[in-house]
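Only a predicted model underlies this, so the values are computations on that prediction, with no experimental measurement involved.
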Amino acid sequence: MTSETMQLIKELVEIPSPSGHTTEVISFVENYLKDFHVEMKRNHKGGLLVTIPGENKNQHRMLTAHVDTLGAIVKEIKSTGRLMIDLIGGFTYNSIEGEYCQIETINGEVYSGTILMHQTSVHVYKDAGKLERNQKNIEVRIDEKVHNADDVRKLGIEVGDFISFNPRAEITKSGFIKSRHLDDKASVALLLNLIKKITIEEMNLPYTTHFLISNNEEIGYGGNSNIPSETVEYLAVDMGAIGDGQRTDEFTVSICAKDSSGPYHYGLRKKLIELAKQNNIAYKVDIYPYYGSDASAAIRSGHDLVHGLIGPGIDASHAFERTHYTSLEHTANLLYYYVQSEMTT
């Protein structure tokens, strides 16, 4: 199952899906699930809601993970034939410098390019390494014979076209997967495998359970709607952030106590910890200082919910990310026992 999960993650991250342009990846998810004959429907935002009936149809729970990723959009076509970009999602320009990318026109034509500083050549620009990485200095070099803005427009490229980053996904012999966009396609893969496991094992869930594959999380509102009124518990399955002062690592499941929105539901956190202890699941409890999830977006939008957040530990989040299969396994196991557990009281 672990190898299958890693391959599924690799397939997902290789589908371009910056926030605002996620139709292809949602179609992939639908095709993956169609053989399991689960109830599915797209919401108007373009996300996918999957429902599995449970014994209790008056109290529901919802789990969510998001397929949208960081990306960019064409802000301006420069007189040099290069592109100025505008960021989609919260990341820094230096995290994408030197990255290969693709530009997709509104007519579906795709062109490759590279994200570079305008002042890249050290043979020409003395202070190339010291200059600020910002919208003014970072640009896309298109892999086409273009000399000016007119040449670019003849290709069909225009302001508003989406730019996706090459994920460079790789699975190592030592059990790591490193790639862009593990946030949050690693957890999407875990939910897809959980749905598969529930249907194959013909599990009788205690509560009707919804799985929302959301598609606007990186811009703040992926999972704040399409929540059935019967929903009591809402668990975001995203990622654990790793860094100085953090307990989260790449080998355990991270259970979030608090993020920038405030504390998550204390009772649900205690239950997740108890499930981990009972089932020999390695976990870390952590606080993510500059973070918000679909669960916190749902609370902010006024929903009356018990909300929580867990996920595999992801190194170098919103840059070139990495996690280990053991973190994926522990997260998958906690999810498996969670959907069979009693509701938090």
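The distance from atom OG1 of T326 to atom CD of E329, rounded to the nearest 0.5 Å, is 7.0 Å. Of the inter-residue distances, the one linking T64 atom OG1 with H307 atom NE2 reads 13.5 Å to the nearest 0.5 angstrom.
In this structure, L191 is a member of the same hydrophobic cluster as I198, with clusters built from ILVMFWY side-chain heavy atoms closer than 4.5 Å. In the hydrophobic cluster analysis, where Ile, Leu, Val, Met, Phe, Trp and Tyr join through side-chain heavy atoms closer than 4.5 angstrom, L190 is grouped together with I171. Neither V67 nor I73 shares a network with the other; the hydrophobic side chains, linked directly or stepwise wherever heavy atoms of I, L, V, M, F, W or Y lie under 4.5 Å apart, form separate groups for each. In this structure, I310 is not a member of the same hydrophobic cluster as Y234, with clusters built from ILVMFWY side-chain heavy atoms closer than 4.5 Å. Residues Y338 and V285 are members of one and the same hydrophobic cluster, defined by side-chain heavy-atom contacts under 4.5 angstrom among Ile, Leu, Val, Met, Phe, Trp and Tyr.
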Go through it in stages, so that I can follow the logic: the residues are N224 and K45, the test is side-chain hydrogen bond (donor to acceptor under 3.5 Å, both in side chains), and I'd like the CA-CA distance, side-chain angles, deciding distance and then a yes or no. CA-CA 11 Å; N224 63 356; K45 294 183 195 176; 2.7 Å; yes

Exercise for review: Would you sort out whether H118 and R82 count as a side-chain contact (heavy atoms from CB on, under 4.5 Å), showing the intermediate values?
Suggested key: CA-CA 9 Å; H118 176 77; R82 305 271 176 117; 5.8 Å; no

I would like to know whether E55 and N204 meet side-chain hydrogen bond (donor to acceptor under 3.5 Å, both in side chains); could you show each step before the answer? CA-CA 7 Å; E55 287 186 16; N204 190 14; 2.7 Å; yes

Checking side-chain contact (heavy atoms from CB on, under 4.5 Å) for the pair M62/H303: CA distance, chi angles, key distance, verdict?
CA-CA 13 Å; M62 176 176 278; H303 290 279; over 6 Å; no

Please walk me through it: do I281 and L275 pass side-chain contact (heavy atoms from CB on, under 4.5 Å)?
CA-CA 8 Å; I281 296 167; L275 286 171; 5.8 Å; no

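M6 and G175 get closest at one heavy-atom pair: CE-O, 3.4 Å. Listed here is the closest heavy atom pair of S164 and P16: OG-CB, 3.4 Å.
Listed by first then second residue, pairs satisfying salt bridge (charged side-chain N to carboxylate O under 4.0 Å, His left out) with a partner in residues 9-28 read K10-E14, not counting sequence neighbours. Among residues at least two apart or in separate chains, salt bridge (charged side-chain N to carboxylate O under 4.0 Å, His left out) pairs with a member in residues 96-109 are E97-R133, E99-R168, E99-R180. Residue pairs meeting the salt bridge (charged side-chain N to carboxylate O under 4.0 Å, His left out) criterion with at least one member in residues 198-214, sequence neighbours excluded: K197-E201. Counting only residues at least two apart or in different chains, salt bridge (charged side-chain N to carboxylate O under 4.0 Å, His left out) contacts with residues 291-318 are absent.
A donor and an acceptor atom, one from each side chain of S293 and D238, are nowhere located under 3.5 Å apart. R42 and S27 are linked by a side-chain donor-acceptor pair at a separation below 3.5 angstrom, with hydrogens and angles left out of the test. For the residue pair N107/T105, the side-chain donor-acceptor check at 3.5 Å is not satisfied. In summary, the side chains of N193 and Y336 do not present any donor paired with an acceptor at a separation below 3.5 Å, with no hydrogens or angles considered. Using modelled atom types, one finds no donor on one side chain facing an acceptor on the other under 3.5 Å when comparing S179 with K185. Under 3.5 Å, the side chains of H210 and T51 contain a donor-acceptor pair of N or O atoms.
Of the residues listed (D68, N215, N216), the one engaging S19 in a side chain to side chain donor-acceptor pair (under 3.5 Å) is D68, and it is the only one. Only one option out of I52, L33, V188 pairs with F211 in a side-chain contact (heavy atoms from CB on, under 4.5 Å); it is I52. Each of L309, T331, D286, L334 was scored for a side-chain contact (heavy atoms from CB on, under 4.5 Å) with I255, with one residue passing: L334.
For the pair L8/F28, a side-chain contact is recorded, criterion being any heavy-atom separation below 4.5 Å from C-beta on. Side-chain atoms of I88 and E218, non-hydrogen and from C-beta on, never get closer than 4.5 Å to each other. Using a 4.5 Å heavy-atom threshold, the side chains of L335 and V339 count as separate.
Hydrophobic clustering, defined by side-chain heavy atoms of Ile, Leu, Val, Met, Phe, Trp and Tyr closer than 4.5 Å, leaves V122 isolated from every other such residue. F91 belongs to a hydrophobic cluster whose other members, connected by ILVMFWY side-chain contacts under 4.5 Å either directly or through intermediates, are L70, V74, I77, L83, I85, L87, Y93, I96, I103, Y111, I115, M117, L131, I138, V140, I142, V146, V152, L155, I157, I163, F165. Grouped by direct or indirect side-chain proximity (heavy atoms under 4.5 Å, Ile/Leu/Val/Met/Phe/Trp/Tyr only), Y100 sits alone. Cluster partners of Y266: none. The rule joins Ile, Leu, Val, Met, Phe, Trp and Tyr whenever side-chain heavy atoms lie under 4.5 Å apart, and it links nothing here.
The neighbour count for K258 NZ, taken as heavy atoms of other residues, nucleotides or ligands under 6.0 Å away, is above 12. In K130, the NZ atom is not crowded: 12 or fewer heavy atoms of neighbouring residues, nucleotides or ligands sit closer than 6.0 Å.
The ring of Y207 has its center no closer than 6.0 angstrom to the ring center of H60. Side-chain rings of F251 and H324 approach one another, their centers coming within less than 6.0 Å.
The side-chain contact (heavy atoms from CB on, under 4.5 Å) search around E321 returns L182, D183, I314, S317, H318, not counting sequence neighbours. In this view, K136 satisfies the salt bridge (Lys or Arg N to Asp or Glu O under 4.0 Å) rule with no residue, not counting sequence neighbours. Residues meeting the side-chain contact (heavy atoms from CB on, under 4.5 Å) test with E274, sequence neighbours left out: K277, Q278. Contacts of E233 classified as salt bridge (Lys or Arg N to Asp or Glu O under 4.0 Å), with partners at least two apart in sequence or in another chain: R61, K271.
Ring-plane geometry between Y288 and Y291 is classed as tilted, the angle between the planes lying from 30 to 60 degrees on a 0 to 90 degree scale.
Stacking of R322 on the aromatic ring of F176 is recorded, both the 6.0 Å distance cut-off and the 45° axial limit being met.
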